[in-house]
**Student:** 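Pasting a structure here, questions to come.
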Amino acid sequence: MSSNLWIKSIALAATGLLLIGCNTGGTSADAAETDTTTSGKISISVDETFAPILTSQVDTFQKLYQAAKIQAAYKPEQAVIQDLLDNKARVIVVARQLTPSEQAVFDQLKLVPRTIKLATDGLAIIVHPSNADSLLTTAQLRDIFTGKTAEWSQVSGKKKLGAINVVFDANRSSTARYVQDSVTRGVPLTQRVFAAKSNPALLDYVATHPSAIGIVGANWISDRDDAAVQSFLKRVRVVGISSNPNPQKADDYVQPYQAYMALKTYPLRREVYLISREARAGLGTGFASFAAGNKGQLIILKSGLVPAVGQTRIINTNKL
């Protein structure tokens, strides 16, 4: 089923127009569940890099539908995928679609997992506020992440900061996978790399270690109305990135702002997907409908990411 058709079907489910009790090949555990699209309990698993957005989504959904209880677990990407495969979570939110081998698991179960795009995310590169190297090209990033550039003096000529320490949020995280797939393009990561175990811990580490460079989901630093985001931005510096190997001016570098992601000028972009294995119109379908619908997409818009549905207003200030 195409994602457009599924969006239509879950929208119908959310208004109660689908029969709640139907089941089209799910597990016996699914068949025994009594939850509806707006009531009951369900466990979902979420890539922890999207914790701020999904926390808002879940909280808002539960306020609207007080008979619904969504237990969200925030984990590294591979653990989230495994929860879906093991039927520990009927719905997951991740930064990639299923691989052929993962899809084959559902083929054997005669289940058709449904995938919808929720948003476009950006990955922010952050450094210590004292670091003058706040403008980098994607080529420079590649050299830093592979260890070819091991000292900050190789970037700017300044020797003050010393060796570069690369920090990720967690082992087997989606950000680490993205860097290896899209930045280093298969070249092994530098030996001076470690996992901080969480996104807040990563931000704290970069804020207290002048030689560090980290990568974090943009939703951790993009909602300027959020007090936690305001606090983070006082303690770290967000790097401007250019895909041009020979940028000529400061405007060639962009940060992961919503407009630059929408225009596809920010180079470190990725898609956010909701994947459901639910074979009937249960609470997972109801939450999926909400997340892909108007209210859920407005939450994504406010967070600073690009919603999959709707428009992002872009104003050219040069003409004002």
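As a basis for the values below, the full set of heavy atoms in this structure was taken, side chains included, without hydrogen atoms, waters or symmetry mates.
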**Student:** Is there a side-chain contact (heavy atoms from CB on, under 4.5 Å) between V179 and F168 once you walk through the steps?
**Tutor:** CA-CA 10 Å; V179 167; F168 288 100; 3.7 Å; yes

**Student:** Got a second to check how far I42's CD1 is from S39's OG, nearest 0.5 Å?
**Tutor:** 11.5 Å

**Student:** Which pair of non-hydrogen atoms, one from T265 and one from V254, has the smallest distance, and what is that distance?
**Tutor:** O-CG2, 3.6 Å

**Student:** Report yes or no: does D252 contribute a side-chain atom to a donor-acceptor pair with the main-chain N or O of K249 at less than 3.5 Å?
**Tutor:** yes

**Student:** Which one of Q82, E48, R96, R172 satisfies the side-chain contact (heavy atoms from CB on, under 4.5 Å) criterion with E77?
**Tutor:** R96

**Student:** Taking it one step at a time, do L109 and R277 satisfy side-chain contact (heavy atoms from CB on, under 4.5 Å)?
**Tutor:** CA-CA 11 Å; L109 295 172; R277 63 174 288 154; 3.9 Å; yes

**Student:** Are M261 and L305 packed together at the side-chain level, in the sense that at least one heavy-atom pair is separated by less than 4.5 angstrom?
**Tutor:** yes

**Student:** Please find the pair of heavy atoms, one from V206 and one from V236, that lie closest to each other, and give the distance.
**Tutor:** CG1-CG1, 4.1 Å

**Student:** Kindly determine whether R280 and D35 satisfy side-chain contact (heavy atoms from CB on, under 4.5 Å), including the steps that lead there.
**Tutor:** CA-CA 10 Å; R280 62 187 186 86; D35 56 280; 2.7 Å; yes

**Student:** Establish, from distance only, whether the side-chain atoms of T120 and E271 form a donor-acceptor pair under 3.5 Å.
**Tutor:** yes

**Student:** Do we see a donor-acceptor contact under 3.5 Å between the side chains of N131 and R237?
**Tutor:** no

**Student:** With hydrophobic residues grouped by side-chain heavy-atom distances under 4.5 Å, do I215 and Y253 end up in a single group?
**Tutor:** no

**Student:** Is there a donor-acceptor contact under 3.5 Å from the side chain of D86 to the main chain of K88?
**Tutor:** no

**Student:** Side-chain contact, heavy-atom cut-off 4.5 Å: V112 with F106?
**Tutor:** no

**Student:** Would T60 and K295 count as a side-chain contact (heavy atoms from CB on, under 4.5 Å) here? Give the steps.
**Tutor:** CA-CA 9 Å; T60 303; K295 289 184 175 66; 5.6 Å; no

**Student:** Could you tell me which non-hydrogen atom of A196 sits nearest to which non-hydrogen atom of A201, and how far apart they are?
**Tutor:** O-CB, 3.3 Å

**Student:** Hey, does L84 have a side-chain heavy atom less than 4.5 Å from the side chain of V80?
**Tutor:** no

**Student:** With a 3.5 Å distance limit and no angle check, can you tell me whether Y266 reaches the backbone of Q258 through a side-chain donor-acceptor pair?
**Tutor:** no

**Student:** When you measure from the side chain of W220 to the backbone of T49, do you find a donor-acceptor pair of N or O atoms at a distance under 3.5 Å?
**Tutor:** yes

**Student:** Side-chain contact test, heavy atoms from C-beta onward, threshold under 4.5 Å: evaluate it for T137 versus P245 and give yes or no.
**Tutor:** no

**Student:** Just how far is it from atom OG1 of T149 to atom CZ of R142, taken to the nearest 0.5 Å?
**Tutor:** 11.0 Å

**Student:** Flag yes if V187 and L123 sit in one hydrophobic cluster, no otherwise; membership is Ile, Leu, Val, Met, Phe, Trp, Tyr, and two members link when side-chain heavy atoms are under 4.5 Å apart.
**Tutor:** no

**Student:** Just verifying a value: how many Å separate T184 OG1 and D143 CG, rounded to the nearest 0.5 Å?
**Tutor:** 11.0 Å

**Student:** Please answer: with hydrophobic residues joined when any side-chain heavy atoms are less than 4.5 Å apart, are I299 and Y257 in the same cluster?
**Tutor:** yes

**Student:** Consider only side-chain N and O atoms of S211 and R192, and report whether a donor and an acceptor are under 3.5 Å apart.
**Tutor:** no

**Student:** Taking all non-hydrogen atoms of both residues into account, name the closest pair between A218 and P256 and its distance.
**Tutor:** CB-CB, 4.2 Å

**Student:** Using a cut-off of 6.0 Å, state whether more than 12 heavy atoms not belonging to Y260 lie near its atom OH.
**Tutor:** no

**Student:** Taking the side chain as every heavy atom from C-beta outward, state whether R235 and L203 have any atom pair closer than 4.5 Å.
**Tutor:** no

**Student:** Can you confirm whether the side chains of N244 and S242 place a donor and an acceptor under 3.5 Å from each other?
**Tutor:** no

**Student:** Hey, what do you get for NZ (K302) to OG (S222), rounding to the nearest 0.5 Å?
**Tutor:** 9.5 Å

**Student:** May I ask you to decide if K69's main-chain N or O and Q71's side chain share a donor-acceptor pair within less than 3.5 Å?
**Tutor:** no

**Student:** Pairing donors with acceptors under 3.5 angstrom, does anything connect the side chains of T285 and E278?
**Tutor:** yes

**Student:** So, the side chain of Q97 versus the backbone of Y273: is there a donor-acceptor pair under 3.5 Å, distance only?
**Tutor:** no

**Student:** Return yes if some donor-acceptor pair links the side-chain N/O of Q180 with the main-chain N/O of G186 below 3.5 Å, else return no.
**Tutor:** no

**Student:** Determine whether L268 and L141 make a side-chain contact, defined as any pair of heavy atoms from C-beta on separated by less than 4.5 Å.
**Tutor:** yes

**Student:** If we ignore angles and hydrogens, is there a donor and acceptor under 3.5 Å between the side chains of D107 and Q103?
**Tutor:** yes

**Student:** Please check: side-chain N/O of Q297 versus main-chain N/O of A308, any donor-acceptor pairing under 3.5 Å?
**Tutor:** yes

**Student:** So how far is it from W152 CH2 to Q154 CD, rounded to the nearest 0.5 Å?
**Tutor:** 11.0 Å

**Student:** Between T190 (side chain only) and V193 (backbone N and O only), is there a donor and an acceptor less than 3.5 Å apart?
**Tutor:** no

**Student:** Name the residue from I125, L233, V216, V127 that meets the side-chain contact (heavy atoms from CB on, under 4.5 Å) definition with V238.
**Tutor:** L233

**Student:** Can a donor-acceptor pair be found, under 3.5 Å and without considering hydrogens, that links the side chain of T208 to the backbone of Y205?
**Tutor:** yes

**Student:** Any non-hydrogen side-chain atom of L136 less than 4.5 Å from a side-chain atom of I213?
**Tutor:** yes

**Student:** How close do L98 and P113 get, heavy atom to heavy atom, and via which atoms?
**Tutor:** CD1-CG, 3.8 Å

**Student:** Classify the side-chain pair R270/S174 by whether it contains a donor and acceptor separated by less than 3.5 Å.
**Tutor:** yes

**Student:** Answer yes or no: is there a side-chain heavy-atom contact under 4.5 Å between E102 and I81?
**Tutor:** yes

**Student:** Holding to ring-ring contact (aromatic ring centres under 6.0 Å, His included), I want the full list of residues that pass it with F61, two or more places apart in sequence or in another chain.
**Tutor:** Y65, F287, F290

**Student:** Please name the pair of heavy atoms, one in V167 and one in A212, separated by the smallest distance, quoted to 0.1 Å.
**Tutor:** CG2-CB, 4.2 Å

**Student:** What's the separation between atom OG1 in T115 and atom CG in L274, rounded to the nearest 0.5 Å?
**Tutor:** 8.5 Å

